[in-house]
Every structure is written in C-alpha cells, then in structure tokens.
Amino acid sequence: MKARATSADSRRVVPRHWGYLAGDTVAAARRLLGCTLVSTLDGVETGGVIVETEAYLGLKDPASHAHASKGRTPRNDAMFAGLGTLYVYVSYGIHHCLNVVTGEAGDPVAVLVRALEPSTGLDAMAERRGRAGDLCNGPGRLAQALGITLRHNYHDLARPPVQLVKGAPVSDADVGSSGRIGVSRAEDWPLRFFVRGHPAVKAPRW
DNA sequence: GGTCGGATCATCT
DNA sequence: GATGATCCGACCG
C-alpha cells in the first residue's frame, strides 16, 4: 500500500459541488446547459438558465486565450485559478464575456457562457441593457444583463455575488453542437453546445 | 429581412 | 500599431 500523503497540498480534492464539471471540459460545456447563473448586486437578483456554451481547451487550443503560444499572462491568469472560478475578459473594448474555469488549478481550460434563458430579475436586466428584449442572447449581452465586469474576475462561483447553480441535465437529444463563433483559429473544432431550438440560440453555421 | 461598419481598449507584436 | 471568444444602429432591398 502506498504511503498516505500527509501534506495539505496533496489533498487536491475537487469540491463536491463542482464534481459534475471536473475532468473533461467538453463534457462540462454540455453539462453547464440547464444550469443557472445568478448575480446578486446591490440587493438585486438577476439570472437565467444556460442554453449555449463553448469549450476552450487551454494550452493545446489555438483559439484559447491560454494557448501555449501565449503562456500565462495577467489577462488569462484567472483561467489558471481552478475549477469553479469566474474568468471575465473584455471583448472588443466594449463588452465583457464570462467563462467558467473547468480545470484544476494550473490547468487553464474554461467554458464561455454564450446565452441564457432569462429567469430572474427581468426588469433589472432590461434596465442594465437599456432595452426590453435581447437580454441574454449573446456573451456580451448576458454579462451586461447580470452586471458582471472585470471586477468579478477570479470570483468563486460557489458563493455570492455571482453563483453557478447546478440544474437538471439536458438530455442528449436536446443538445446541438457546432463550431465556435467568432474565432479565427480552430474554427472547425465542434466545441459549441446549445439547447436545440431555443430562441436565444442563433442557428449554427453548420 | 439582411448586411455593413463603427465603437473602444486590454493585450500583444 | 494591430488584433479580437461582440453588439448595435444605419442602411438597403
């Protein structure tokens, strides 16, 4: 029998509540469909059910912010912070996008949340968005609707003010996949997942 | 209804 | 100085 590890460092245990995301980022991207994202800011609760995701596979993924050609930088550092960490970045200088880190500490893999079915705080989301419709059907839009910005980078999604709550799994028959949107490298990697036929999800290119 | 280009900035070359 | 994991308003059929 092997010697029992004694240092605290060796007890690298995946928290129970993240068990369903551990091990395989592509599977995690599928399993995040049906889960709920909730933000509670200034006493206002807003949130929705995840209906579209994209997996980004870290070092070996040319489309990932943490591809080996870039290394660990201040921008992508939150991707290295471990399972259940929120990674936020600014896109095109205007929009914020929100990712769930799905790798253990040091493994920079993550899932981009691309669309939600709004479920809580519709009025507050509409106010933040400055319009009544198109609240969460796009990565920049949902970040704005939930009030999430760079200051939430590194946040632990197990606790407020931004929480990821596990939902009932979406059956395989209801899950569609396609290439990722808006990337210029590894376009054909089938790492986008979505709830088939959902109105917040734009038709895939293929 | 569809397509086009501007906005705007952290990051990297 | 160029590049985006984007959105929106303007314009054209």
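A, B, ... follow the sequence lines: proteins, then strands. Residue 1 opens every chain.
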Requested in this report: Round to the nearest Å and state the distance from A/R180 atom CZ to C/dG4 atom P.
Outcome: 14 Å

Query - Candidates B/dT11, C/dA5, C/dC8 - which lies nearest the side chain of A/R131 - result: C/dC8

Query - Between A/T25 and A/T102, a side-chain donor and acceptor under 3.5 Å - result: yes

**Report entry** Note, A/V175 side chain near A/L33 side chain (heavy atom, < 4.5 Å)
**Finding:** yes

Query raised in the report: When you check the phosphate oxygens OP1 and OP2 of C/dG4, does a side-chain N or O of A/S184 lie under 4.0 Å from one of them?
Result: yes

Report task. Using atom CG of A/N99 as one end and atom P of C/dA5 as the other, report the distance to the nearest whole Å. Result -> 11 Å

Query raised in the report: Does A/R129 place a side-chain N or O at less than 4.0 Å from the phosphate oxygens OP1/OP2 of C/dC8?
Result: yes

Query - Short side-chain donor-acceptor distance under 3.5 Å, A/R72 and A/N76 - result: no

Requested in this report: Report yes if a side-chain nitrogen or oxygen of A/R114 is closer than 4.0 Å to either non-bridging phosphate oxygen (OP1 or OP2) of C/dT6; otherwise report no.
Outcome: yes

Requested in this report: Can you spot which of A/R30, A/R180, A/R114 makes a salt bridge (Lys or Arg N to Asp or Glu O under 4.0 Å) with A/E54?
Outcome: A/R114

Query raised in the report: Where each residue is assigned the nucleotide of DNA chain C containing its nearest heavy atom, which of A/R185 and A/Q144 is assigned the position nearer the 5′ end?
Result: A/R185

Query - From A/W18 atom CH2 to A/K166 atom NZ, the distance as rounded to the nearest 0.5 Å - result: 11.0 Å

Query raised in the report: Tell me: CG of A/N137 to P of C/dA5, nearest whole Å?
Result: 20 Å

Query raised in the report: Looking only at heavy atoms, which two atoms of A/L146 and A/M125 are closest? And how far apart?
Result: CD2-SD, 4.0 Å

Query - Among B/dT11, C/dT6, C/dC8, the one nearest A/P139 by side-chain distance - result: C/dT6

Query raised in the report: Are the side chains of A/L86 and A/L98 in touch, meaning some heavy atoms are under 4.5 Å apart?
Result: yes

Report task. Evaluate the side-chain proximity of A/C136 to A/P118: yes if any heavy-atom separation is below 4.5 Å, no if none is. Result -> yes

Query raised in the report: Base, sugar-phosphate alone, or nothing: which one does A/D134 contact when heavy atoms must sit under 4.0 Å apart?
Result: nothing

Query raised in the report: CD1 of A/I181 versus P of C/dG4: gap in Å, rounded?
Result: 16 Å

Requested in this report: Take atom CZ of A/F193 and atom P of C/dA5, then tell me their distance rounded to the nearest Å.
Outcome: 19 Å

Report task. Round to the nearest Å and state the distance from A/W189 atom CH2 to C/dA5 atom P. Result -> 14 Å

Query raised in the report: Just checking, is any N or O donor in the side chain of A/Y89 or A/N153 under 3.5 Å from an acceptor N or O on the other one?
Result: no

Requested in this report: Would you please test A/Q144 and A/R129 for side chain to side chain donor-acceptor pair (under 3.5 Å) and show each step?
Outcome: CA-CA 6 Å; A/Q144 184 184 28; A/R129 294 271 302 121; 2.6 Å; yes

Query raised in the report: Hey, where does DNA chain C pair up into stems, meaning at least three consecutive Watson-Crick or G-U pairs with distances under 3.5 Å?
Result: B:1-7 with C:6-12, B:9-12 with C:1-4

Requested in this report: Please state how far atom CZ in A/R75 lies from atom P in C/dG4, giving the value in whole angstrom units.
Outcome: 11 Å

Report task. Please state how far atom NE2 in A/H67 lies from atom C1' in C/dA5, giving the value in whole angstrom units. Result -> 15 Å

Query raised in the report: Near DNA chain B, under 4.0 Å by heavy atom, which residues of residues 82-97 of chain A?
Result: A/Y92, A/G93, A/I94

